[in-house]
Amino acid sequence: MDNDIQNKINILKMAYAGTLNQKIIEIHAAWKALKSAWHDDALTQVHRLVHNLHGSSGTYGYQEIAHAAGELELMLAQCRKQSPLPATIEALDTRMQDLLQCMGSATVKRESESEILVNTGKKIEKIFYILHHTNEKESLPGQMNPLAYLCHYSQDKKFDDDASVATFGYKTFCFDEVSSFLQAIENRTPDALMIPIDQLNEALTRDLHQFSQDYPASLILVNAREGQPENRLKAVRAGAEAYMLEPFTLEELLSRLDDFFKVKKVDYNILIVDDSPDVAEYYALILKQAGMNVAVICDPMLIDQSLFSFNPDLILMDMYMPDCNGLEVAAIIRQQENYASIPIVFLSSEEDREKQLKAMRLGVDDFISKSTRTDFLILSIINRVERYRLLRSLITKDSLTGVLNHTEIQKRLNIHLKEASRLKIPLCIVMIDLDHFKGINDNYGHQMGDRVLKNLCLMLKKRLRASDEIGRQGGEEFLIILPNTSLDNARSIVDSLREQFSKISYVFEDEIFHVTFSAGIAQYPDYLNNNTLIHAADLALYAAKKWGRNRVCLAGS
Amino acid sequence: MKKLEKIFLVEDEDDIRTIAQIAIEDIGHFTLGSASSGMEALKKIPDFNPDLILLDVMMPGMDGLQTFHELKKNPACADTPVVFMSAKVQMSETLAYKDLGAIDVIPKPFDPLALSGILEALWKQHYGQ
C-alpha cells in the first residue's frame, strides 16, 4: 500500500474522529426530540442519522460504533410508526446511550500522534462521587468553597450534566448524607470518591478500606480543613490516596484526579542515521528491544517532510560516515524546521576524543561511545530524551496554561501549512479571545482570571484532537490550528466549544458568573500563508466582537 | 470486454463520499463522479457517462430505488450497470434488487481498501456472462 495513500487515509480517519463530537450532539438532540413527541418525521430523522453513522463509522474503521449503530438501526426500522410501547422506547434509549458512549470514547485525545485512531472501547466518563461537606455554612467568607461549587455544578438543574462530562471528563454526583453515598457506591462503582474527614467513623473507615482493596483502580480522596497527623493517619487507614486540604480550587481537585487517571505511556521515538545498514540495524534492534520506536535512515539526504509524522525525540548518528562529515549532516538535519532543536547524539569511538572536543566546541549536543554497554546506552538515551523533553516543554509551552507559547504555535502553523499544501487538504485556524477579560481581573482578581484561562485551556485540550494545536497568542488570546478541517466543520466544533465554555460557572464570594469567548476562523487555502491566514482570522474575530461577542465569525463572510 | 474506467457514486453522507474518493480514485485508479442526492445524480450522470453506478439505497428526498427507476427511464443511461449499497443486506433483498435490474448489492459499511477490488470483480462477473 502506497505510503501516501495510507497517510491520506490516516489523516481522514483522524478528521472523522473530529466530527464525532458534532454527530453526538446531533443524534442526541434528534433522539430527545423524538422521545418528547413521537412522530414519523422525527423517527425518520433519527433513523437517517444512525444509518449514516453506521455506514461512515464502519468505513473509517470504528467497528464498535458501527456495530452499535447497526443494531440500533435495526431496532428503529422495526419500530411501529405510531407511539411504540414504553418498554420499546426504554430499550431504544439504552441502545442509544451505549452508542453515544461508544462515540464519546472514540473522541478521546491520544497522547501520541503516530497512533491510528481506533476505538479502544475505554469510557471517557469517570464517575466521581462526593460526600457533601455537612458544614457548608461555616465556610470562611471570601474563600471559594469548592464543594459548594461542585454542588452547584452538578445539582443545579440549569446546567446540563453533559457540561461537566464534556468539559472535564468527570460525571460528578454529590450526596448530602452517608447512606445514599454508600448506596450509590454499591449500585455503581465510582472511579473516584471524596469524603470529608469528619465523616470517617470506624465503620466507614473499614468499608472504605475494603473498597480500596477491591477496586485498586479507583481513587479515594479525603478533604479536610487541617492536615494534622492524626487526620492524615485516619485517611490512610481508610485507603485514601489523596488528602485535599481546604480550601482547594476545582482545578487542583481535577488535576489530582487527572494525574491519577492519566495513562502513563512512555513513548520514545529515535531516529538512527547511519550509512551502514548493518550498524543501523544493530542499534535499531537494541533500542526496539528496550521498547522504543525506531526509524532508520541510511542516506541523510533523504530526510524530508515524510518524517513529519514520526516526530523523533532524538537522532542517533554515526560520527564518521565515509561520504560525509557527521557535523555537516547534523547541519543539514537542523535545516529542517521541525528538527531545528532536536537533540543529535553522535556515536563515536574512544580514540576520537580530540575530535570530540573539537566537535563540542562547534556545538554538537552529545557523544555516546560505541563501546558503551547496551544497558548504559539505553539509560543514556532515556536520560537525554527526558532532559530534552523537559527543556523543550519549558521553551515551547506557556507556563500558566500548559498550551504552546506564542513562538511555538507560529512555528507549528508553518509546519502544518506545508503539510496541508503537500497533501492538498484544508486547514483552519481559529483566533479565540475571552470576552470582557479585563473586567474579570478587575472585579474578581487576577487569581480568578488565571483560573478562567486555565479552564479554557483544559477544556480545549480535552475536546480537541491530538493533531490539533493550541497556543497562547497573548494575554487572553489563543490561536488554534485544526489540520484537515473544513471551514464548516471548524465552525461547528468551535461553536460547540463556545457553548460548553459559556456554561461553566465560577463562584466568587456570593456571586456566580460565567465567561464567554469570541472566535474568528480562517481557512487554508482561502488564505495561502500564515500571515494572511492570521490576519483574516483576526478580522473575523474583530467582527465577532463587534457583533456582540460570544459568537463565532468566519473570515470572508 | 469493455474496461471499467468511470464510476459514478450517489451517496448523501459527506464522510463516506470522501473516503470513497480515495478508495476509488487513489487505490482503484478509476475516474470518479459523484452526487449527494438522487436529483443531482439524474442531472450529472448522462453527461458523465459512467461505466458503472454505485447507488446508496437510503437517502433523504429521492431514495435509491426511486433514483434507480428514473435512471432506467433515461435511454442515455438505462443500460449502465448499477450496484446498490445497503446497510441491511439479506439474501432476499439482494435477490429483489437484482430482479429489478441491479447487478448486485454491496453492504455498508464497506472496507475502503477493498472497495475497488470488489467493483472490479462485479464488473468482470457482469460482462463475463
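Letters go in sequence order (proteins before strands), and every chain restarts at 1.
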[atom1] of [X]: more than 12 outside heavy atoms within 6.0 angstrom?
X: B:D79; atom1: CG; answer: no
X: B:M62; atom1: CE; answer: yes
X: B:K3; atom1: NZ; answer: no
X: A:K35; atom1: NZ; answer: yes

Answer whether the closest heavy-atom distance between the side chains of A:H47 and B:M58 falls below 4.5 Å.
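Yes, their side chains come closer than 4.5 Å.
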
Which one wins on heavy-atom pair count under 4.5 Å against chain A: B:L115, B:D14, B:I22, B:D111?
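Looking at each option in turn, the highest pair count goes to B:I22.
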
Contacting moiety of [X], where chain A heavy atoms sit under 4.5 Å:
X: B:D12; result: side chain
X: B:I19; result: both
X: B:D26; result: both

Might you point out which heavy atoms bring A:H54 and B:K108 nearest each other, and give the distance in Å?
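Answer, listing the atom of A:H54 first, then B:K108: CE1-O, 3.8 Å.
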
Minimum heavy-atom distance between A:G55 and B:I16, given as atom pair plus value
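Where A:G55 meets B:I16 most closely, the heavy atoms are C-CD1, 3.6 Å.
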
Report the distance from atom [atom1] of [X] to atom [atom2] of [Y], rounding to the nearest 0.5 Å.
X: B:D15; Y: A:N489; atom1: CG; atom2: CG; value: 7.5 Å
X: A:S57; Y: B:E13; atom1: OG; atom2: CD; value: 9.5 Å
X: A:N52; Y: B:D56; atom1: CG; atom2: CG; value: 7.5 Å

